[in-house]
Student: 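Take a look at the following structure, please.
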Amino acid sequence: MASNTTIALSGLARRLVRDGLVPEETAQEAYQAAGKEKIPFVSYLVNNALASSPDIATAASDEFGAPLFDLTAFNPEMAPKDLVDIKLIQKNHTLPLYRRGNRLFIAVSDPTNLRALDEIKFHTGITTDAVLVEEQALAEAINKFVEANDSPIGNFDDFDEEGLEDLDIQAVSEGGNDDEDSQEIDDTPLVRFVNKVLIDAIKGGASDIHFEPYEKSYRVRFRTDGILHEVARPPMNLAGRISSRLKVMSQMDISERRIPQDGRIKMRLSKKRAIDFRVNTLPCLFGEKIVLRILDPSSAQMGIDALGYEPEQKAMFMKALMQPQGMILVTGPTGSGKTVSLYTGLNILNETERNISTAEDPVEINLEGINQCHVNPKVGLGFAEALRSFLRQDPDIIMVGEIRDLETAEISIKAAQTGHMVMSTLHTNSAAETITRLLNMGVPAFNVATSVNLIIAQRLGRRLCSHCAEPAEIPKELLLEEGFNEEDLKEATIMKAVGCDKCSNGYKGRVGIYEVVRVTKAISQLIMEGGNSIQISEQARIEGFDDLRRSALMKAAQGLLSLEEVNRVTKD
């Protein structure tokens, strides 16, 4: 509740009121609210759209006679590193710009923020001078500076040849038993090469690394934004030594080359962040092919808004998550982002009062506060066995990595019908096919209709680069044939990939494409009447649930996807 206490405004706040940029009552409330939230007054105004960043900067420049510095022309990576602690920068909402002798020039959006300048001076022992900048530009520059200096990815360029050799890399046993007698490969150039490949993959945003031996060649490929591309061709005579090095890193048996093996590598990039690699070997004609899946725990922390759901789809997902019982199913091919969607939902539900257990094969991302079980069929611990144990441990929410058989499906549905929220995945192409897949497994139609709350089918499309994408000249008739309607084309601008030095062939990153279907009374009735996937899909369209094609076209109309990418990822 806002305080009724009146504060005598001074400095910049008084100038903003006098210039008519902020009403006095609003300025009073903002000043008090900013103090409670422990953020600068100017930041509060801009964050809550109470005044524009350029107007505030102009008023501050006039009031204090300080020239306004254009921060958009400044590269945050050029700022002095290791001089001011990042926590101090974030706390005081300032940014060191450059140093001249014993003077440090600090970007501020409020020249009256003397406490921040004094604190930095105290910690650095250097005289500080304020440089006036726009609040919005300052906030963006601070974020870039923090990403470049606190994020391990920003520090990769600092690795020299010796640094590559000394990276902190640990083996993680899939079964939980560490083998301390693993043989090490003493080959320094090879160690540097393998480490550099892993680092380059993370820097480039790859999801998988492929090491592939052939009769007369050996190649390394990265899967970036869903597309494989070659990055290296080491000498063929190094194939066996590279395989041995990777197997030692992931704590596999390097003498066993006849059967597939699974392992895990943890690469510690900073005190706060590590990247895991899930490793699998496969004996092939000319050696072992080894594939590393990059598991970044930060991908589970992105938040639902970063996944690409349309507003109504997000609302349905959130509502289903808040149900006390029932089942949420996520479906799609391998690499379509199902795991990230499930973990995002689990993160939302991960609170002290809930008991959350997961059965996964394998556990891909470690989450604090969630009981994660790695299933191991070799020792008799499959999904069904893990689920039975979960139900004896007072669960609230259960996540099953994948429903593969009737036994797992029946136990999951029983749990969903007896007061538990169950989340799982299947490998089908659409929401309607997910229902028929359960029916074909042998699950009674009544159980499917009464237990499944929501089905999400998804794909990942390559996002157009925001720096180089250009409007595409496509005839209206062709767009209508592709599936757009007249209403879509009134405000839509279809973009095309071009390519620049900041992207890969016109694309950078990926965006989710979703079909979110709530199991309504009409769909439930259709399931119990034995309706097939075509009939269920038609009913979903009648009730306003967009299919994958329609969702992809909407992303294209928003300028996120090219029409070529829509056609690559979805089908008519």
Student: What's the spacing between Asp546 CG and Gln313 CD if we round to 0.5 Å?
Tutor: 6.5 Å

Student: Are Lys338 and His427 close enough that some pair of their side-chain heavy atoms sits under 4.5 Å apart?
Tutor: yes

Student: May I ask you to decide if Ile290's main-chain N or O and Thr281's side chain share a donor-acceptor pair within less than 3.5 Å?
Tutor: no

Student: Checking Met318 against Ile348 for the side chain to side chain contact (heavy atoms under 4.5 Å, CB included) test, could you report, in this order, the C-alpha distance in whole Å, the side-chain angles of both residues, the deciding distance, and whether it holds?
Tutor: CA-CA 9 Å; Met318 293 296 294; Ile348 293 170; 3.7 Å; yes

Student: Find out whether Gln251 and Ile265 are in side-chain contact, i.e. whether some heavy atom of one side chain is under 4.5 Å from a heavy atom of the other.
Tutor: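 SC-SC contact between Gln251 and Ile265 ruled out.
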
Student: May I ask you to check whether over 12 heavy atoms, not counting those of Asn505, lie within 6.0 Å of atom CG?
Tutor: no

Student: Any chance the side chains of Asn355 and Asp396 put a donor and an acceptor closer than 3.5 Å?
Tutor: no

Student: With side-chain contact (heavy atoms from CB on, under 4.5 Å) as the test, pick out the partner of Asp361 among Val400, Val375, Asn376, Leu381.
Tutor: Val375

Student: Would you compute the distance between atom CD of Glu470 and atom NZ of Lys496 and round it to the nearest 0.5 angstrom?
Tutor: 5.5 Å

Student: Report yes or no: does Arg549 contribute a side-chain atom to a donor-acceptor pair with the main-chain N or O of Glu482 at less than 3.5 Å?
Tutor: yes

Student: Would a 4.5 Å heavy-atom cut-off, applied to side chains only, mark Arg568 and Arg459 as touching?
Tutor: no

Student: Quick check: closest heavy atoms across Gln325 and Asn453, and the distance to 0.1 Å?
Tutor: O-ND2, 2.9 Å

Student: For residues Leu460 and Gly512, report the shortest heavy-atom separation together with the two atoms involved.
Tutor: CD2-CA, 3.9 Å

Student: So, Ser451 side chain and Gln417 main chain: donor-acceptor pair closer than 3.5 Å or not?
Tutor: no

Student: What distance separates Glu433 CD from Thr331 OG1, expressed to the nearest 0.5 Å?
Tutor: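 Answer rounded to 0.5 Å: 8.0 Å.
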
Student: Would you check, one step at a time, whether the test salt bridge (charged side-chain N to carboxylate O under 4.0 Å, His left out) holds for Glu564 with Arg462?
Tutor: CA-CA 10 Å; Glu564 291 81 4; Arg462 291 180 295 167; over 6 Å; no

Student: Does any part of the side chain of Met316, heavy atoms only, come nearer than 4.5 Å to the side chain of Glu310, both counted from C-beta?
Tutor: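 In short, these two side chains do not touch, never coming nearer than 4.5 Å.
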
Student: For Leu321 and Met421, work out which heavy atoms get closest and say how close.
Tutor: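 Scanning both residues completely, I find the closest heavy atoms to be O-CE, 4.3 Å.
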
Student: Given Glu565 and Lys555, is the salt bridge (charged side-chain N to carboxylate O under 4.0 Å, His left out) satisfied, shown in steps?
Tutor: CA-CA 10 Å; Glu565 189 67 5; Lys555 292 285 191 300; over 6 Å; no

Student: Please determine, by modelled atom types, if Gln539 and Glu543 share a side-chain donor-acceptor pair under 3.5 angstrom.
Tutor: yes

Student: Judged by atom type as modelled, is there a donor-acceptor pair below 3.5 Å linking the side chain of Glu29 to the main-chain atoms of Thr26?
Tutor: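 No, because the side chain of Glu29 does not come within donor-acceptor range (under 3.5 Å) of the backbone of Thr26.
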
Student: If you round to the nearest 0.5 Å, how far is CG of Leu563 from CD1 of Ile494?
Tutor: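 It comes to 6.5 Å.
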
Student: Between Leu454, Ile523, Val452, which is the residue that forms a side-chain contact (heavy atoms from CB on, under 4.5 Å) with Arg518?
Tutor: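 Testing each of Leu454, Ile523, Val452 against Arg518, the sole residue satisfying side-chain contact (heavy atoms from CB on, under 4.5 Å) is Leu454.
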
Student: Which heavy-atom pair separates Ala552 from Ile513 by the least distance, and what is that distance?
Tutor: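 Closest approach of Ala552 to Ile513, heavy atoms only: N-CG2, 3.6 Å.
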
Student: Dump the intermediate steps for side chain to side chain contact (heavy atoms under 4.5 Å, CB included) on Asn280 and Lys289, then the final yes or no.
Tutor: CA-CA 8 Å; Asn280 176 265; Lys289 172 172 180 174; over 6 Å; no

Student: So, the side chain of Thr570 versus the backbone of Asn567: is there a donor-acceptor pair under 3.5 Å, distance only?
Tutor: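 The answer is no, because no donor-acceptor pair under 3.5 Å joins these two groups.
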
Student: Can you list the residues that meet the salt bridge (charged side-chain N to carboxylate O under 4.0 Å, His left out) rule with Glu353, with sequence neighbours excluded?
Tutor: none

Student: For Val46, does its backbone N or O pair with a side-chain atom of Gln136 as donor and acceptor, under 3.5 Å?
Tutor: no

Student: What are the two closest heavy atoms between Ser412 and Val422, and how far apart are they?
Tutor: O-CG2, 3.7 Å

Student: In sequence, state the C-alpha distance, the side-chain angles, and the governing distance for Glu529 and Gln535, and then conclude on side chain to side chain contact (heavy atoms under 4.5 Å, CB included).
Tutor: CA-CA 11 Å; Glu529 291 173 356; Gln535 294 170 315; over 6 Å; no

Student: Considering residues at least two apart in sequence or located in another chain, which fulfil the salt bridge (charged side-chain N to carboxylate O under 4.0 Å, His left out) criterion with Lys91?
Tutor: Glu119

Student: Whether the side chain of Arg437 engages the backbone of Thr428 through a donor-acceptor N/O pair (distance < 3.5 Å, no angle test) should be reported.
Tutor: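 No, Arg437 side chain to Thr428 backbone: no donor-acceptor pair under 3.5 Å.
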
Student: Quick check against the 3.5 Å criterion: does Ser537 have a side-chain atom that pairs as donor or acceptor with the backbone of Ser533?
Tutor: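 Not a single qualifying donor-acceptor pair exists.
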
Student: Are there over 12 heavy-atom neighbours, none belonging to Lys414, within less than 6.0 Å of that residue's NZ?
Tutor: no

Student: Anything under 30° is parallel, anything over 60° is perpendicular, the rest tilted; go ahead and classify Phe317 against Tyr309.
Tutor: tilted

Student: Between Gln458 and Ser341, do the side chains contain a donor N or O and an acceptor N or O under 3.5 Å apart?
Tutor: yes

Student: Do Pro471 and Met495 have side chains that approach each other closer than 4.5 Å (heavy atoms only, starting at C-beta)?
Tutor: yes

Student: Could you tell me if the side chain of Ile202 sits less than 4.5 Å from the side chain of Phe277, heavy atoms only?
Tutor: yes

Student: What are the two closest heavy atoms between Ala431 and Val517, and how far apart are they?
Tutor: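 In this case the closest contact between Ala431 and Val517 is CB-CG2, 3.7 Å.
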
Student: Please confirm whether the backbone N or O of Leu346 pairs with a side-chain atom of Asn350, one donor and one acceptor, at under 3.5 Å?
Tutor: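 No; zero donor-acceptor contacts below 3.5 Å.
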
Student: Quick check for you: to the nearest 0.5 Å, what is the distance between Asp208 atom CG and Leu292 atom CG?
Tutor: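 Asp208 CG to Leu292 CG: 9.0 Å, rounded to 0.5 Å.
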
Student: About how many Å separate CD1 of Ile536 and CD1 of Ile527, when rounded to the nearest 0.5 Å?
Tutor: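 With rounding to 0.5 Å, CD1 (Ile527) is 5.0 Å from CD1 (Ile536).
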
Student: Answer yes or no: is there a side-chain heavy-atom contact under 4.5 Å between Leu367 and Ile356?
Tutor: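 A side-chain contact is absent here, since even the closest heavy-atom pair is not under 4.5 Å.
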
Student: Do the non-hydrogen side-chain atoms of Leu391 and His420 ever get within less than 4.5 Å of each other?
Tutor: yes

Student: Can you name the residues that form a salt bridge (charged side-chain N to carboxylate O under 4.0 Å, His left out) with Lys314, not counting sequence neighbours?
Tutor: Asp305

Student: Report yes or no: do Ser551 and Glu515 form a side-chain donor-acceptor pair below 3.5 Å?
Tutor: no

Student: Taking atom CG as the centre, does Leu480 end up with more than 12 heavy-atom neighbours from other residues, nucleotides or ligands that are less than 6.0 angstrom away?
Tutor: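 Counting other residues, nucleotides and ligands, CG of Leu480 exceeds 12 neighbours.
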
